[in-house]
Amino acid sequence: MIHHFEILIDTMMGMTYEEVEMAVKENAVVLLPTGVVEAHGPHLPLGTDIFASLNQALEIKKCFDAAGRKCVVAPPFYFGGTQAMTRQFAGTFTSSKETIVSAVKDILKSLDRFGFQKTVFLNAHGDNLQREAMLQAIVESNEVLHMKSYWPEYEDDIPYQGFTGEEDYLLKIAPFSLEEAFDIARWPEDEFDIHASAFETALMMDICPQMVREDKIKGLKPTMLVGEQRWRWNEGNAEDISLVPKAYVGDPAGYQYIKAHMDKVYQAYANSLMEIL
């Protein structure tokens, strides 16, 4: 029986221990894709975030390879944390902050034991619980390990994400505008287009269209969350589930007016990483 394991073959899971040893000797940078398994509306798979971060890692690796730079992709970490409303839906796995910090620190400890010098996180899940846990794991690991771990952030987003810009684990990625990443014939009806909506659906149509249930998108209306409704979405309490009854936030149907060009994004991102590292 033949199964399709292509998505993992080009990570460390497809390597032998001798190949990992060689990568260490060649001073390879480790890319660590992180995300969660989470409800993404009736039209996108639960693994959307990890498919996005793993695809980003694999494409960046291709750019590194083409430039003669050494790079490996660690096994993806996808049992992260979800605080927002999607945690109330079937299929959303979420871990506590303590569990995430402990698990990620163990992963970094292993990479350090192998002899790697640098690990770069590629996170595709913006939930505050996830981000706080990842950053805590990075800071605490950097204090005790020989290997250093890094969190990339677009330079123009740094102040909006709560960073000072002076953090020694922060990689400042050159800005890349939304209009450069997407051809936008018409903007989504809902400006709060943040989860399983127009842009994320367009991204998935670009990287793995076979995973998008296009027939499920017809008839999905914009959620149009405003004011405290957005705060309540982030808090994720069960009594507020009527705000997002189909586990998306934004305007999924708007994807038809948007074309993603993630290859441009990945190349620019890789160029920034190679320049910094």
Side-chain angles (χ1 to χ4, degrees), residues 5-14 29-41 44-64 71-84 86 91-95 100-101 103-104 107-108 111 118-135 137-138 149-154 157 161 169-171 173 176 178 181-182 194-197 199-212 260-273 277:
F5 299 118
E6 288 90 343
I7 196 169
L8 295 175
I9 286 175
D10 289 329
T11 73
M12 290 174 67
M13 294 175 73
V29 173
V30 180
L31 302 179
L32 175 58
T34 64
V36 294
V37 180
E38 173 193 27
H40 276 77
L44 295 180
L46 299 170
T48 289
D49 289 347
I50 198 63
F51 293 146
S53 64
L54 179 53
N55 186 72
Q56 181 185 17
L58 295 175
E59 291 300 314
I60 288 175
K61 182 181 184 300
K62 289 180 184 178
C63 297
F64 269 66
C71 175
V72 297
V73 179
F77 175 78
Y78 45 82
F79 281 121
T82 299
Q83 173 64 36
T86 47
T92 298
F93 291 80
T94 187
S95 302
I100 300 166
V101 171
V104 172
I107 291 170
L108 298 178
L111 293 170
K118 297 175 182 177
T119 292
V120 177
F121 281 61
L122 295 175
N123 179 61
H125 179 60
D127 193 285
N128 287 339
L129 170 61
Q130 172 89 346
R131 290 172 57 84
E132 290 173 5
M134 294 291 171
L135 292 173
I138 289 172
S149 296
Y150 299 94
W151 182 269
E153 199 74 62
Y154 282 112
D157 283 341
Q161 297 296 339
Y169 58 82
L170 196 63
L171 298 183
I173 304 299
F176 199 86
L178 196 65
F182 298 90
I194 64 166
H195 181 75
S197 42
F199 285 103
E200 194 163 26
T201 301
L203 181 152
M204 287 294 285
M205 285 295 294
D206 185 55
I207 67 173
C208 48
Q210 72 278 13
M211 300 292 286
V212 180
H261 297 290
M262 301 313 296
D263 54 336
K264 296 180 183 178
V265 178
Y266 299 145
Q267 182 66 65
Y269 209 100
N271 291 343
S272 245
L273 285 178
L277 297 173

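- We find the CG-OG1 distance between Asp49 and Thr86 to be 8.5 Å, quoted to the nearest 0.5 Å.
- Ser53 contributes a side-chain N or O that, together with a main-chain N or O of Thr34, makes up a donor-acceptor pair within less than 3.5 Å.
- Using modelled atom types, no side-chain atom of His195 and backbone atom of Gly41 make a donor-acceptor pair closer than 3.5 Å.
- The side chain to side chain contact (heavy atoms under 4.5 Å, CB included) search around Leu170 returns Trp151, Glu153, Ile158, Phe163, Glu167, not counting sequence neighbours.
- With values rounded to the nearest 0.5 angstrom, Leu203 atom CG is found 12.0 Å from His261 atom NE2.
- Between Phe121 and the choices Leu171, Val104, Leu135, Val30, the side chain to side chain contact (heavy atoms under 4.5 Å, CB included) rule is met once, by Val104.
- Side-chain contact between His40 and Glu200: present, with at least one pair of heavy atoms (C-beta onward) separated by less than 4.5 Å.
- Put simply, CZ on Phe51 and CG on Leu44 are 10.5 Å apart, with the number rounded to the nearest 0.5 Å.
- At a threshold of 4.5 Å between non-hydrogen side-chain atoms, the residues Pro76 and Leu8 count as touching.
- In terms of heavy atoms, Tyr266 sits closest to Ile207 at OH-CG2, 3.9 Å.
- Taken to the nearest 0.5 Å, the CG atom of Asn128 stands 8.5 Å off from the CD atom of Gln161.
- To the nearest 0.5 Å, atoms CD (Gln83) and OG1 (Thr94) are separated by 8.0 Å.
- Across all their heavy atoms, Ala57 and Leu31 have their closest contact at O-CD1, 3.5 Å.
- Shown here is Met211, whose CE atom has more than 12 heavy atoms of other residues, nucleotides or ligands within 6.0 Å.
- Counting heavy atoms from C-beta on, the side chains of Ser149 and Tyr169 never come closer than 4.5 Å.
- Residues Val29 and Leu273 have side chains not in contact (no heavy-atom distance under 4.5 Å, counting atoms from C-beta outward).
- Judged purely by distance below 3.5 Å, without hydrogens or angles, the side chains of Thr82 and Asp127 never pair a donor atom with an acceptor atom.
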Problem set entry | Worked check of side-chain contact (heavy atoms from CB on, under 4.5 Å) between Ile100 and Phe77 | CA-CA 10 Å; Ile100 300 166; Phe77 175 78; 4.1 Å; yes
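- Rounded to the nearest 0.5 Å, atoms CG (Asp263) and CD (Glu59) are 8.0 Å apart.
- A heavy-atom distance below 4.5 Å is not found between the side chains of Ile173 and Asp157.
- Annotation: Phe64, atom CZ; neighbour count of heavy atoms from other residues, nucleotides and ligands within 6.0 Å is above 12.
- Between the side chain of His125 and the main chain of Gly81, a donor-acceptor pair closer than 3.5 Å is present.
- Looking at Leu46 and Phe93, their side chains never come closer than 4.5 Å, going by heavy atoms from C-beta outward.
- Taking the six-membered ring where the residue is Trp, the centroids of Tyr269 and Tyr154 are separated by under 6.0 Å.
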Exercise. Where do Ile107 and Thr119 land on the side-chain contact (heavy atoms from CB on, under 4.5 Å) test, with the steps shown first?
Worked result: CA-CA 11 Å; Ile107 291 170; Thr119 292; over 6 Å; no
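- With a 4.5 Å cut-off on side-chain heavy atoms, Val120 and Leu277 count as touching.
- Side-chain contact between Thr201 and Val212: present, with at least one pair of heavy atoms (C-beta onward) separated by less than 4.5 Å.
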Exercise. Run the side-chain contact (heavy atoms from CB on, under 4.5 Å) check on Val73 and Leu122 step by step: do they pass?
Worked result: CA-CA 10 Å; Val73 179; Leu122 295 175; over 6 Å; no
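- Between the side chains of Asn271 and Gln267, at least one donor N or O sits under 3.5 Å from an acceptor N or O.
- Nearest approach of Ala74 to Pro33, heavy atoms of both residues: O-CD, 3.5 Å.
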